[in-house]
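Have a look at the structure below before the remarks.
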Amino acid sequence: MEGFNPEVLKNFRIDLDLTKTIVVEQIISGHINLTYSVAGATADGQPSQYIFQRINHNIFKDPCALMDNICLVTEHIRNADPDGGSRSSLTVIMTNEGKNVWISGDGYYWRCYVYLYNSMNLDGAGVGQETFVKAGRALCDFQKSLMDFDASKLTEVLPNFHNTVKRYENFLLAVENNTSGRLTNALPEVEYAMSLKPITGTITERLADGRLPLRVTHNDTKLSNIMIDKDTREVLCFIDLDTVMPGSALYDFGDALRAGGSSALEDEEDLTKVYFREDNFDSFLKGFMGGADYLTAEEISLLPESVILMTYECGIRFLSDYLDGDVYFSVHKPDHNLIRARNQLHLVKDMLSKVDRLHEIVAQNTPEFGRGN
Ligand code: GN1
Ligand code: MG
C-alpha cells in the first residue's frame, strides 16, 4: 500500500491485536495528507478500527504545532458537548510515549484517530435537502462552540490561508514563472481569473479594517469533511481540523457551499453538469441561520459573496498549482488541477449570474436578530 508504514501500529496506544488479521485501506478523498483506515480486532475479538494519517510536512511545516492545535480544539468541542461527545469530535490517540504525533525512522509525521463507526461523509450520502439543513446547523454549532476558545493558544499553521489577495498575487507569480510550461493550455482560465481581480479583497480588506470580526474557524468545510451517521443521517462532527485557525465565519460558510452548492464534484469534467444549486444554498442557509445569532449584519450581507470568493480562491489555487507543476494538491489523472480549476471557475461564473437571487434567499432566511446590528 502506497506510503503506509506498518510500524505505526506498534507505536500508538491502540486496542488492536496485531496477531489477528488487519485490513488496511487507503482513503483517497483528501488532497494533502495520506489517510488509511486500519481495521482488526481486539484481543477478546471485538471489532476495532482506527484512522492513521501521514501528515504532509512539505505543506504543514510544523506538524507538532498542528497536532497541538487539533488536541486543544477537539478537547474544547468535546467538553462543550452536553452528551459527552464521543462522536461529536475526533478523538486523538496518543503514542506509546504519550505524544500526539509519531515520527517514523524515515522522517514522516503520523497521527492516529479513533474511527467513527457507522459513519460516512456528507459527500457520498446522496444528500437530500433535510441533510443540507442539518449541515448548515452543524456549521453554525461548530462556529459557536469555538466562540469562547482562546485563539491565542493556536499556532497559525498556514498563515494567510484564505487571504484571497495573497492567493491572487501567488497566482500571478505562477503565471509569470510558468514553471510547468503549461500556460498555453490554460489561457482562457487565466484570463477569466484575472478579470475577477476586483473581488479578491472583499473579505480580506474588511477583516483588516475591522468591518468583519476575526473568529476561530475551520477553514476547510467542504462536505467531505462533515461526518454523518449512516442510518440516522444526523451530523456527527467536522473532521480534518488541520486548518483550524483565526479566520472569518464567511470562509467556512463560503467553502461549505462551494462544495455543497455545486451540482457536481469539484473535478467533474463535463461542465454542462456543473452549476450552482439555489435549493442547496437555501436549505443550508435555513439550518445555518437557525442558530447563527452571533453573526453581524455585515457578515450576513456578504454570505453570497463568500461562496463566490471561496470558490474563486480554490479555482485560482488549482490553476496556480497546475502552472507550478502539481506541487501542492495530489493529482490522480493528467491535467487534474486544470480540470478542477475549470470546474471551479465555471461555477463562479454561474454563481455570479445568480447573485441577486442568492441575496433574496439570504433576506428570506434572515431572522430578526440579523437585520439591524
Ligand atoms: C485541500 O486536503 P483536503 O482535501 O482536506 C485544501 C483545501 C481545499 C481543498 C479542495 C490544507 O483540502 O484548502 O479547499 O483541498 N487543504 C489545504 O478540495 O490546502
Ligand atoms: Mg483539509
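Both counts, for ligands and for their atoms, begin at 1 and track the order of listing. Predicted, not measured: the structure shown is a model, and the values here were computed from it. Reckoned from all heavy atoms, side chains included, excluding hydrogens, waters and symmetry mates. Each residue takes its place number in the sequence, starting with 1.
- At least one side-chain heavy atom of Leu154 sits under 4.5 Å from a side-chain heavy atom of Val216.
- Remark: the backbone N or O of Asp270 is paired with a side-chain donor or acceptor of Glu268 at under 3.5 angstrom.
- At under 3.5 Å, a nitrogen or oxygen of His31, whether backbone or side chain, sits near a nitrogen or oxygen of ligand 1.
- Take Asp335 and apply the salt bridge (Lys or Arg N to Asp or Glu O under 4.0 Å) test, not counting sequence neighbours, and it matches no residue.
- Protein heavy atom closest to atom 5 (O) of ligand 1, with residue, atom name and distance, is Asp240 OD2, 2.6 Å.
- Of the protein's non-hydrogen atoms, Ile32 CG1, 2.9 Å is the one closest to atom 2 (O) of ligand 1.
- Among the atoms of Asp255, none of the N or O lies under 3.5 angstrom from an N or O of ligand 1.
- Residues Leu196 and Leu352 come closest through the heavy atom pair CD2-CD1, 3.9 Å.
- Contact annotation: for Arg258 versus ligand 1, heavy atoms closer than 4.0 Å belong to the side chain alone.
- Ligand 1 has at least one atom lying under 4.0 Å from a heavy atom of Asp220.
- Counting heavy atoms from C-beta outward, Leu323 and Asn177 have side chains that stay 4.5 Å or more apart.
- If you check which protein heavy atom lies closest to atom 4 (O) of ligand 1, you get Lys222 NZ, 2.5 Å.
- Atoms of ligand 1 lying under 4.0 Å from at least one heavy atom of Phe318, given by number and element, are 10 (C).
- Interface atoms of ligand 1 facing Tyr328, defined by a heavy-atom separation under 4.0 Å, are 11 (C), 17 (C), 19 (O).
- Residue contacts with ligand 1, taken as heavy atom pairs separated by less than 4.0 Å, do not involve Tyr251 at all.
- With Val235 as the fixed residue, the side-chain contact (heavy atoms from CB on, under 4.5 Å) test singles out one of Thr131, Asp229, Ile226: Ile226.
- Between Thr35 and Ile51, the shortest heavy-atom distance links the atoms CG2-CG2, 3.9 Å.
- At a cut-off of 2.8 Å, Asp220 coordinates the Mg ion (ligand 2) through an N, O or S atom.
- Scanning the protein for heavy atoms near atom 8 (C) of ligand 1, the closest one is Arg317 NH1, 3.9 Å.
- Looking at Met194 and Val175, their side chains come closer than 4.5 Å, going by heavy atoms from C-beta outward.
- Considering Arg340, Lys333, Arg342 in turn, Lys333 is the only one that fulfils the salt bridge (charged side-chain N to carboxylate O under 4.0 Å, His left out) rule with Glu269.
- Ligand 1 has no N or O atom lying under 3.5 Å from any N or O atom of Ser29, backbone or side chain.
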